[in-house]
Amino acid sequence: MKKTLAFALALIMSVSLFSACGKDTGGQDKEMTAALTDFSDPKLFEQIEPVGTKVDLNDYYNELGVECDMGIRATGGSVKWLGGGNVPLPTPSKTYTIAFSDYYTVDEVGAMYMEGMKQAAEEIGVNLITQDADYDQNLQNQAIEQWILQGVDAVIMTPCDFYACKDGIEALHEAGIPVITLDAPPCAGEVDACVVYDAVEQGRQAGDALREYLLANGSDMKGTIYYGTLPFIHPNAVTREKGFFQAFEDYPGIEIKALTGESPEDHYTAFEGIVAGDDSILGLWGLYSSATYGIMNVVKASGKNYPITSVDNDRVILEGIYNGEVLGSSCYSAVEGSRLALMLAINILEGNEVPAIIYQTNTYIDKSNVEEMFPVYYGEGKTLADYMAGNG
Amino acid sequence: MKKRRSIGQILIDFRTILILIFLIAIFTYLKPVFINPINLLNMLKRQSFTMIAAFGMTFLLTLGVFDMSAGSTVALVGIVLAYGLNKGVSAAIMLPAVILLSILCGFINGIIVVKGKIPAFLTTLATMNIYRGLAQTISDGKTISIKLKWLTNLFGNGTVFGIPTPVIIMLIFLVIAAFLFYKTKLGFYCRCIGGNTEASKVAGINVNLIQIVAFCMMGLAAGAAGLIECGLMNAGMPDLGADLAMDAIAAAVLGGTAISGGLGTIWGTIGGALIMGILNSGLALMGAQTPVQLLVKGFVIIAAILMDNMLKSRKTVVKA
Amino acid sequence: MEDFVLELKGIGKTFSGVNVLRDINIQLKRGEVFALMGENGAGKSTLIKVISGYHQPDPGGEILVEGRKTVFRNPKESMNAHIHTIYQELTLCPDMTVAENIVIDKQDKMPGFLLNKRKYVEIAQKALERLHQDIDPNAYVRDLSIAKRQIVEIAKAISADASIIIMDEPTSSISEKDAECLLGIVRELRDQGMTIIYISHRMHEIFRIADRICVLRDGSHIGTVDAAATTPQDLIGMMVGRSLENAYPKAHVEFGETILEVQDLCSDVFEHVSFSVRRGEICGIGGLVGAKRTEVLECIFGVRPIKSGKIFVYGREFHPKHERDAIAQEIAFVTEDRKKNGLVLCLPVEDNVNIVNADELCASHGILHYKMFRALAEKYRKSLNIRLANIKQPVSTLSGGNMQKVVIAKWMETDPQIILFDEPTRGIDIGAKAEIYSIMAEFVKKGAAIVMVSSELPELISVTDKIVVMCEGQMTGVVAHEDATQEGIMELASSKKAYEGDLI
């Protein structure tokens, strides 16, 4: 009797879980007139490489010592997105089913990619299927295999692993499904188009800001700058490092040293001793959000007042900027990235020529513009004040 | 002599098959593409390395021990392979070398458990960190891609008559594991030792040797799982296989292998791994996100252990 | 010269200075049932373990198998000499089949890597047929009853060509009917020329099957007699042997009102136990191992579920569901196995003393009041004369007697009115024993009541005011202090007749 009960319980449990998984909204095939994007509009885009050139990122990465062997099929050269604020979306001629695999949704960038994509898809009536790959390339590839079987029209992905994503991309290629990547590009496989950010510029913006601060405060420009980075070679890390080092090229008296970790806790541990014991510190830099978060907390706990700059626009960092704990951060908008990727997807599906690469804008955020820019990153109507009051 | 079994007992005895049928039916009803052979083969492909590891784990669990380091062995094997190939060492040398390496990983676990008399959980918890640390040291923490197309095809992406090679490798392991478990003294001794270590010692069974052999086999299974994961990823990755040991244990337990030792079943293990694979694939197809999948996986494991306990209580019901 | 299958010459065994066996000389003939008897702790188990290779005898002792001097370095060597032991704790693998279990210890005679299940079944079948038992060789052991499992063990032994089978209390946990069947098998094996060493406390069983009976007492061989030429009374005399000593001070206390009454108590393992205890009274529970005496205490303390019957405490009906219920009624339980459930061995003495009343000492704060802990521990160290270097030393470093005092101390602070003692002096030296008795006397002088389980007859007779005797889960008698004799109690302890007289 007990056993039968247990089985019934298991049955009910599983059925209720399945029903929690949500339902499909089948798209209606309504014919509409397509209104596509003009990538040559100088108000929206700055042409970097001309239309017709074969564009890839291999040289860019190989130069930095990152192995890269990727290709991009689109022929529209490369452009840089200029506009702040809302990315205008094209209108598709019918309801497309587009799948989006997000590398991770448990950090703010990943979460905003997902949220931005869902909102954008709803705006233009795209039937969106999503996946949180939980940093597991195996899961991402599994989802892609299933989407091929389900016959989606296009796939947008933020790769979990720069090399291991190759199989999924190639499988999509073979199935004739366009694939657009967002965030860091893959270093293997051939995609249709990419939305990327200029990570060298991000590092440079952070470096420039720190340098100018030091000069303005009469520093002798002799000492050490510590920065927090990942414990392994990551394409985003080497590019940002390159930009940051460029900012201090003219000051040989400054030594720039790396401390490594993955989580905020790791960075806290890594910086704790340095901040307490090293008097030669001029400033600190967080190469990505977790590093900055760890560094911010160490400095706060030590009671010292070192200048910190950062990359990434997580809300804790923006709050830190507002509170004066962080000088500023080089930011790009995940919401914008999602909209640009969807823009590319629709244009490809409608047969429009698209650029191979769209570079996102990096904006240096400091105390002067942090409130103004908050909604650009977190959506219309959201304010930093609300977030800080706990209503975010 | 034959007793009639109650419905409850029949349900328990065939629980794996029943759950499988139930899951396949419900997913097919909700998403017809689920039953598409390509989807099922893909599911098997993605589950193949967990299954292979679970075969090794079944031997260990039957013995009354388990191996937490299997996932780290996977990472180490993949990284060493990719690193060696990138340094220009021929695959003809690297392949046997990493297979030996995987067996060595298992052997080290076994020798520490047997000679050091440290419980398997602690030993493999330690070596889990050591093997993972080695993999990260060798690779500098980054992914190392493997360029040899034939190699990645052989272990990951290739197909033979439309069947993915990982599935074929898994089937080979299944046949070998089932043969060893059911038809040879190795499996017999594992069951004896897990069932009653003292009695086995008295009976003259070389308990230490069997434990070491089982750990070596686990190492080999992890090595094979590592080659498949490398093939699927076209790369050696230092963070590969993080969940492998737990998934393998879960698959074995789901299939009816007792975590307390003595009772094991290879057929059950393949069933348990199938349940996990079908849940994974089916839930992903339904658009369920990771949190939901984690929830379901957790509930399923609890349910499996509850059933395991019920089996046990059935055992002790018989009294003088 | 007679043909002995096994001869023990001058076997002694010393464990850390204590003589457990002294100069044992035994000869076993082919084809006899040789019963081994003695009180608990007489050295029977040690003797078996020497024969089966678990223990090596002290130098000077000799084991002769078939007239040849042999040394058993491990159990396997004993088995190779065709000696097979069936322990009370069966050693079968529950998740394997009968046939598989029967062939486990015969692997060296079965070369090859592959299993030959057909051959295994054949071997099992043959052995089971020899025993005339209808057990399916392919059945799983977990599905068999204890009695059937025992038969599988015997089949395992005879299929290994055993010439001597040692059976350690084979009938202690099976029903009368199954025991009957087992005795039949034993007789048949004997007729086939096998020698059986049979250990049992059941007097009637011994007389029905044994050819010779060997009695051990305090590690010495008292004598071996022909079963046909002896009586149960003789045997009991041999087993008990010693006269009463004065090492057992008896407190003389006025009895007060009845504070614990057990009426027709039944649980899963014992039935129909009734007794009552007054303030100032010490009630003993006597019987042999397996009489389920501890279980009665467990029921009173709420550890074991009660099937039927009633318990009255201070005149009110008491139905404990949990240990805490009993503690709330000021009942204390000094358990038999100090190391297992009496003490937390790795913790210091002071913590162990305060383990029961830590809640009260912490008052409402939930914070440990260490100063109080220490003070109390010091108090009991003095009053109970616990010999230790430091109250912070782990309990595991104390001697048995001092450990027992720590257990008692932990209960004393709760000021118990009913104290259950389970084998309070087991493994304790004579001096400490006397101290434990005087602590018990202190308790009753203060108006508490004691229920005490003991296997040591002299102690039981001297210390208690009355004795409830049990045998195999049955209450077989109540004896008043004045009427108690060792022989009388032994007889009740091995009789099967339920007590029908009045309670004292």
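Chain letters run A, B, ... following the sequence lines, proteins first and then strands; every chain starts at 1.
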Any residue meeting side chain to side chain contact (heavy atoms under 4.5 Å, CB included) with C:Lys13, in chain and number order, not counting sequence neighbours: C:Phe15, C:Leu21, C:Thr46, C:His55, C:Asp58

In terms of heavy-atom contacts, C:Pro75 and B:Val202 come closest through CB-CG1, 3.9 Å

What are the two closest heavy atoms between C:Glu100 and B:Arg191, and how far apart are they? OE2-NH1, 2.9 Å

Which residue out of B:Gly195, B:Gly204, B:Cys192 racks up the most heavy-atom pairs below 4.5 Å with chain C? B:Cys192

Go through the atoms of [X] and report whether side chain, backbone, both or neither lie under 4.5 Å from a heavy atom of chain B.
| X | answer |
| --- | --- |
| C:Tyr120 | side chain |
| C:Tyr54 | side chain |
| C:Lys117 | side chain |

Would you mind writing out the side-chain donor-acceptor pairs for residues 244-254 of chain B within the sub-3.5 Å range, not counting sequence neighbours?
residue	atom	partner	partner atom	Å
B:Asp247	OD1	B:Lys297	NZ	3.3

Proximity breakdown for B:Leu180 and chain C, heavy-atom pairs closer than 4.5 Å: side chain

Scan C:Leu92, C:Asp95, C:Thr91 and name whichever one has a side-chain contact (heavy atoms from CB on, under 4.5 Å) with B:Asn196. C:Thr91

How about CG on B:Leu125, more than 12 heavy atoms from neighbouring residues, nucleotides or ligands closer than 6.0 Å, or not? yes

May I ask you to check whether over 12 heavy atoms, not counting those of C:Tyr140, lie within 6.0 Å of atom OH? no

Should B:Lys185 and C:Leu115 count as side-chain neighbours, where that means a heavy-atom distance under 4.5 Å? yes

